[in-house]
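So the structure is just underneath, and the comments pick up after that.
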2 protein chains.
Amino acid sequence: MKEITTQQQRVLDCIQVYLNKTGFPPTRADICKELGFKSPNSAETHLRALEKKGFISIESGTSRGISIIGGSAPDGQAQDEYPIIGLVAAGSPTLASENIESKINCPNNFFNSNFDYFLKVKGLSMKDAGIMEDDLVAVKKTNEVKNGDIVIARIDDEVTIKYFNRKSEKIVELQCANEDYKDIIINLENEDLTIEGKSIGLLRKN
Amino acid sequence: MKEITTQQQRVLDCIQVYLNKTGFPPTRADICKELGFKSPNSAETHLRALEKKGFISIESGTSRGISIIGGSAPDGQAQDEYPIIGLVAAGSPTLASENIESKINCPNNFFNSNFDYFLKVKGLSMKDAGIMEDDLVAVKKTNEVKNGDIVIARIDDEVTIKYFNRKSEKIVELQCANEDYKDIIINLENEDLTIEGKSIGLLRKN
DNA sequence: TATTATACTGTATATATATTCAGTATTTAA
DNA sequence: TTAAATACTGAATATATATACAGTATAATA
């Protein structure tokens with residue numbers, strides 16, 4: 001799933017809201033009206049971009065033939081239970097049941113991309129990225145990450161959440177967002193690094 | 001709800017199946033094809049009967065403007081649409097419709113307390129509290145706040161989000177969580193201060 | 001530097017679609 | 001037994017809608 005732009009996100013949200021409200025998808029004109037565009041082609045091009053990036057599918061020649069891909073069931077209300085996993089300092093596999101602290105019921109299109117679990121954050125190493133102690137980070141399991149992504153990384157059974165920065169072919173920097181913490185430099189020749197997934201959103205209850 | 005006939009039930013089922021399969025409702029022609037009718041008017045009359053009996057609603061003049069009534073979301077969790085409101089620098093009442101940027105479907109017990117809307121944050125004045133630009137703060141409308149709460153406050157049509165600190169009977173401090181910003185001291189004798197509500201949670205999409 | 005992606009306006013048009021009208025036939029309620 | 005509801009075919013049509021084409025402009029990328 002490629003990156004989505006702000007405007008494309010607005011269009012995607014607009015489709016979802018329209019679906020929730022009416023029970024059927026919007027036309028190009030409906031989207032224009034909702035978002036203030038003056039030409040139906042504005043909506044059209046955004047829709048084609050969203051289709052190309054895999055967020056929606058468009059049935060050709062079909063009125064309102066838009067459907068949102070990724071967990072979106074009958075009427076966009078689909079929900080699932082997502083586990084909350086503690087950021088265990090050391091030990092057993094992340095998704096092992098003994099690490100599941102609790103579960104949250106949440107629409108599965110809640111964040112822009114689908115995701116697999118919530119990670120409960122310990123420590124303040126990502127403070128300047130707005131990630132505080134006990135925050136729940138929505139994690140999508142993947143190892144396709146790019147520089148600047150906030151990733152969940154495992155080094156020798158130790159799980160951390162950090163910015164990902166590939167410095168060279170063999171050097172990866174796990175960067176903190178807090179000057180009181182030290183960045184972690186991994187030499188892939190000597191050390192093991194597993195990318196568990198990346199952050200696609202955050203939830204905080206206070 | 002009146003009695004439904006066998007054929008009307010078949011049409012209703014057909015709509016539901018089509019919705020599950022495609023994500024959008026069928027046309028009259030689609031229903032004909034599915035059920036073997038040879039005239040679109042066959043579908044039309046059944047649809048009108050279903051509408052009259054309250055099983056579906058039909059948006060007049062709208063392609064695929066069929067929605068099934070009642071059958072939408074009874075799979076467990078109570079949900080609601082929560083508006084997302086921009087942090088408008090100045091102007092109109094907070095919940096006025098022109099300020100609603102979008103809506104989010106979310107279980108209404110999602111945060112520990114119930115809440116009324118999401119506020120989209122502008123600026124970084126609460127950065128050290130982990131509240132970043134474009135974060136969505138879940139706001140509960142109330143004016144019962146205590147020291148240390150993160151509140152949504154209005155001063156002369158200007159809406160801000162800050163820590164609440166009552167210094168004395170007439171002095172309230174609205175404290176930032178960012179040393180680059182200045183705290184706001186309000187003397188209630190000279191100045192107006194309205195507490196719109198307080199933050200009970202946070203949502204971030206990235 | 002050229003190219004591609006994004007982000008629009010504006011016009012035009014083929015066709016997808018709702019919807020009306022004219023029939024026929026059967027069943028059910030008043 | 002007369003009307004009303006159900007259950008269809010078939011044709012006609014206004015309009016709702018997708019979609020192409022012609023532009024303009026900006027930012028990102030190679």
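Here is how names work: the chains are called A, B, and so on, in the same order as the sequence lines, proteins then strands, and each is numbered from 1. None of these values were measured; they are calculated from a predicted model.
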In whole Å, I'd like the distance from the CD1 atom of B:Ile31 to the C1' atom of C:dA16. 15 Å
Expressed as a whole number of angstroms, how long is the span from A:Phe37:CZ to D:dT24:P? 21 Å
Nearest-0.5 Å distance, NZ of residue B:Lys162 to CG of residue B:Leu174: 7.5 Å
A:Arg28 to A:Ile58 - nearest heavy-atom pair and separation: NH2-CG2, 3.9 Å
Does a side-chain N or O of A:Thr62 approach OP1 or OP2 of C:dA16 to a distance below 4.0 Å, or not? no
Short side-chain N/O contact to C:dA16 OP1/OP2 from B:Ser63, under 4.0 Å: no
Answer yes or no: does a side-chain N or O of B:His46 lie under 4.0 Å from OP1 or OP2 of D:dT6? no
Which atoms form the tightest heavy-atom contact between B:Lys198 and B:Glu144, and what is the distance? NZ-O, 4.2 Å
Answer yes or no: does a side-chain N or O of A:Ser60 lie under 4.0 Å from OP1 or OP2 of D:dA18? no
Let me know the distance between CZ of A:Arg10 and C1' of C:dC8, rounded to the nearest Å. 13 Å
With respect to the side chain of B:Asn41, which nucleotide from C:dT6, C:dC21, C:dT19 is positioned closest? C:dC21
What's the closest nucleotide to the A:Thr5 side chain, out of D:dT6, C:dT6, C:dT19? C:dT6
Compare side-chain N and O positions of B:Gln8 against OP1 and OP2 of D:dA7 and report whether any pair is under 4.0 Å apart. yes
In whole Å, I'd like the distance from the CG atom of A:Leu47 to the C1' atom of D:dT17. 13 Å
Check the distance between D:dT6's C1' and B:Glu51's CD and give it to me in whole angstrom. 17 Å
Of all heavy-atom pairs between A:Leu124 and A:Tyr181, which one has the smallest distance, and what is that distance? N-OH, 3.5 Å
With a 4.0 Å cutoff (strictly under), does any side-chain N or O of A:Gln7 reach OP1 or OP2 of C:dC8? yes
State which of C:dT9, C:dT17, C:dA18 makes the closest approach to the side chain of A:Lys38. C:dT9
Rounded to whole angstroms, how far apart are CZ on A:Arg64 and P on C:dA16? 16 Å
From C-beta outward on B:Glu44, which listed nucleotide comes closest to its side chain: D:dC8, D:dA16, C:dT19? C:dT19
Ignoring the backbone of A:Arg28, work out which of D:dT19, C:dT17, D:dG10 is nearest its side chain. D:dT19
Between the side chains of B:Gln8 and B:Lys53, does any donor sit under 3.5 Å from an acceptor? yes
Spacing between A:Arg48 atom CZ and C:dC8 atom P, to the nearest angstrom: 18 Å
Closest to the A:Ser42 side chain: D:dG10, D:dT17, C:dC8? C:dC8
What's the shortest heavy-atom distance between A:Gly23 and B:Ser67, and which atoms? CA-CB, 4.3 Å
Figure out the CD1/P separation between B:Ile58 and C:dT20, and round it to whole Å. 11 Å
Tell me whether the OP1 or OP2 atom of D:dA11 has a side-chain N or O from B:Ser39 closer than 4.0 Å. no
On DNA chain D, compare the nucleotides closest to B:Pro40 and B:Thr6; which residue's is nearer the 5' end? B:Thr6
